[in-house]
Amino acid sequence: MSTATLNNQSKAVVHRWSQTLIPTTREAPSDAVMPSHIFMTRAGYIRPVGSGIYNYLPLAWRSLQKISAIIREELDAAGASEMLMPALMPMELYKDTKRDQNYGDLLFQLNDRHGRATALGPTHEEVITDLMCGCLTSYKQFPLNLYQIQTKFRDEARPRAGLLRCREFIMKDAYSFHLQLDGDAGLNHTYDKMYQAYTNIFTRCGLDFSPVEAEAGPIGGSASHEFMVNCENGEDTILVCPESGYAANVEKAEIGNRPHNWDQAATSEVTKHHTPGMPGIALVAEHLGTNAAGMLKTLVMRTVEDEPKWILAVVRGDHDVNESKVRDAVGASVEMADEKESIAAGFVIGYVSPKMLDKTEVTMVIDPDAINHGSWATGADEKDHHITGFNWSRDLPSAKDKAIVADIRNAEAGDPSPRADGVSLEAKRGIEVGHIFKLGTKYSEAMGLSVLNKDQKKTPVIMGCYGIGVSRTLASCIESSHDDNGIIMPAAIAPYHVHIVTIKPNDEGVLDHAFTLAQELAESGLDVLVDDRNERPGPKFKDADLIGIPLRIIISSKAIEAGEVEFKRRTDQGKAGMVSRSEILQTCLDAIG
RNA sequence: CGGGGUGUAGCGCAGUUUGGUUAGCGCAUCUGACUGGGGGUCAGAAGGUCGGAGGUUCAAAUCCUCUCACCCCGACCA
């Protein structure tokens, strides 16, 4: 009783299986594919309502609350304050940042009874920036870091994998405000503190994760890191350098130095080929007697400026152009050019070759790997035609002077590491559970958030934002921690610490004994579930494995007579061991750590 | 948004090709008895707008048209 009464946050929790809702099933829904989805459904954690919409049943909700509690502790310790913003927001808020367009269909939109355009919040940069416009009036108020844990809505094109990609999900989002980048009050300091807080949070949740450099995406801003749970089934690809520890999302990963040489010997003449009706570079390559790596892919892009410029991005046929890298190479944001406009400007979309460099006003950026070969197949700048035998120095000598050579493609496993000579990048899969951004002044400038500084000068506010997918964290935990029999929950976020299984609960004293023990454990701060159902032992053990509570105590009349109980960790194989009744509390406390 | 697939009891499925008793099976559920250490046995019971609408027919789960929902792959995606 002592510890519990001293710190009033823990009230003894003992739940009876028979009086809560844990609808386990023997078989998984046929459409579930991912282990976390299958087991969370079978173990009675979640039930679907619609595509990407789930009920969180008591077990899931208890875990989510524990994850939330860890987040709160770490963020409060890092100097952030919790608040709550509405999920419902007027579309007008998005006007200045144009995210109603940038987010597009991802934004859930609705009209209220007056016909006012309204959205369900996918994230809250605009709401909080708008709030701060009215609250932040002095430089003395900085820095400030606010967060909320809330349901978010995104109309995903393809919800999938249970809780891993939902249309309605639980997220922690935090926003920090600064007047400078450096120093104790600066963005960089808070960013580092949040990075550390995230590391603490995911470590405490018992996850195997990696922080990686990331692309800022439509949120915008400069630096950005993602926290990835290492998991084969993950949607994201990350590239790591085994030597230097460099790790980055595939969208962001730099590629180490790749020498290039324009003066490759030509091995054949330029020949034109008729290649009608061949969708995809692989088909064309096959027809031309080569493969994708023997072709040049030339993408027509435009800069996003008041007076857009044409950009030709050239990569090897088997590589993918990375828009952000093109942006960095040309010094302006770029987007894929509109097909009609491109055609009007003379680009034969689908058959564009680098030779357009000499035919029109265009900036060409080229990846080194697209240079180092003497004989390329590429488009013929003519509908339904390709050429083979293209040689840079012979057929387009101007490229050497005019083209920008830069890393503009997505990195792949085997590419040289950008941080260690002679070392190759390795590919791993991950699930993104956290993402932090240095936003800079993107939102504050768009929405007019500024204050007077000490020198009475108007200064735009510098922002950071920091997200954690709370429901996704739970799913990713199960995704990486389960066996054939079910979930293996880490103690820190398990719905209960201890699962007491009663054998023959109708026998004299068994239930009483179970509840007395449960109460004792609970008063020492452990959360306890008692399986009091009048079931045979088999199904109860199966269910216990399935829901994955870390510690199991088995109570039977036999053991009671011997003054013992049986004790087993979820991770233990085989039969449970005997522990004397007087020592079981300490055994549990030690096991939970 | 493109491609593929599936909708029959709470869950998993058969039946649809070739229209024809009262739409079946396993698990789960309820009652009773026997049981009791890794998804029991026996006996009984309950549970269905066959996703929906329209059509063809003497007759539709089955054929036709439309539609809705869900899943998978891809595109997309803090």
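Model, not experiment: these values are computed from the prediction. Values below: every heavy atom of this structure, side chains too, minus hydrogens, waters and symmetry copies. Order of the sequence lines sets the chain letters (A, B, ...), proteins ahead of strands, with each chain counted from 1.
Using P as the reference atom, A59(B) and U41(B) are 45 Å apart when rounded to the nearest Å. Distance check on atom P: C66(B) versus G48(B) gives 32 Å, rounded to whole Å. Nucleotides U17(B) and A61(B) place their P atoms 12 Å apart, quoted to the nearest Å. U62(B) and G52(B) have their P atoms separated by 10 Å, given to the nearest Å. When the P atom is used for both U6(B) and G51(B), the distance is 13 Å, rounded to whole Å. As rounded to the nearest Å, U35(B) and C42(B) have P atoms that lie 15 Å from one another. Remark: the separation of the C1' atoms in U21(B) and A60(B) is 15 Å, to the nearest Å. G2(B) and C76(B) have their P atoms separated by 15 Å, given to the nearest Å.
The residue Ala28(A) sits close only to the backbone: its heavy atoms come under 4.0 Å of sugar-phosphate atoms, none of a base. Contact annotation for Arg533(A): no contact, since no heavy-atom pair falls under 4.0 Å across all strands. Residue-level contact check: Glu432(A) touches the backbone only, with heavy atoms under 4.0 Å from sugar-phosphate atoms and none from bases. Residue contacts for Ala161(A): at a heavy-atom cut-off of 4.0 Å it reaches the sugar-phosphate backbone alone, with no base atom in range. Asp507(A) comes within 4.0 angstrom of nothing in the nucleic acid, heavy atoms only. Residue contacts shown for Lys568(A) include a base, since a base heavy atom lies under 4.0 Å away. Residue-level contact check: Asp236(A) touches neither bases nor backbone, having no heavy atom under 4.0 Å from any strand.
You'll find that the side chain of Arg160(A) is closest to C76(B), out of G38(B), C76(B), G37(B). Comparing G38(B), C72(B), G39(B) by their closest approach to the side chain of Asp543(A) singles out G39(B). Checking A28(B), U29(B), G37(B) against the side-chain heavy atoms of Glu535(A) singles out U29(B) as nearest. In this structure, the nucleotide among G39(B), G37(B), C77(B) sitting nearest to the side chain of Glu156(A) is C77(B). Picking from G40(B), C11(B), G38(B) the nucleotide with the shortest atom distance to the side chain of Glu27(A) gives C11(B).
Side-chain contact check for Gln196(A) and Asn200(A): at least one donor-acceptor pair (N or O, by modelled atom type) lies under 3.5 Å. Between the side chains of Gln148(A) and Asp173(A), a donor-acceptor pair is found at a separation under 3.5 Å.
Summarising the base pairing, G10(B) is matched to C27(B) through a Watson-Crick or G-U wobble pair whose two defining distances lie under 3.5 Å.
Spacing between atom CG of Asn55(A) and atom P of G10(B) amounts to 16 Å, rounded to whole angstrom units. Remark: P of C77(B) and CZ of Phe108(A) are 17 Å apart, rounded to the nearest angstrom. For the pair Asn485(A) CG and G38(B) P, the computed distance is 14 Å after rounding to whole Å. Residue Arg536(A) contributes atom CZ, which lies 10 Å from atom C1' of G38(B) at whole-angstrom precision.
Taking the six-membered ring where the residue is Trp, the centroids of Phe227(A) and Tyr195(A) are separated by under 6.0 Å.
Each of Asp173(A) and Pro539(A) lies near RNA chain B, and the nucleotide nearest Pro539(A) is the one positioned closer to the 5' end. Nearest-nucleotide positions on RNA chain B for Arg165(A) and Thr25(A) put Thr25(A) closer to the 5' end.
Checking each of Lys568(A), Arg552(A), Arg569(A) against Asp545(A) for a salt bridge (charged side-chain N to carboxylate O under 4.0 Å, His left out) leaves exactly one that passes, namely Arg552(A).
Judged purely by atom type and a 3.5 angstrom limit, Glu226(A) has no side-chain atom pairing as donor or acceptor with the backbone of Glu432(A).
You'll find the side chain of Thr502(A) stays beyond 4.5 Å of the side chain of Arg533(A), heavy atoms only. Using a 4.5 Å cut-off on side-chain heavy atoms (C-beta onward), Tyr54(A) and His37(A) make contact.
Between C71(B) and Ser51(A), a contact under 4.0 Å exists linking OP1 or OP2 to a side-chain N or O. Side-chain N/O atoms of Arg158(A) include one lying less than 4.0 angstrom from OP1 or OP2 on C73(B).
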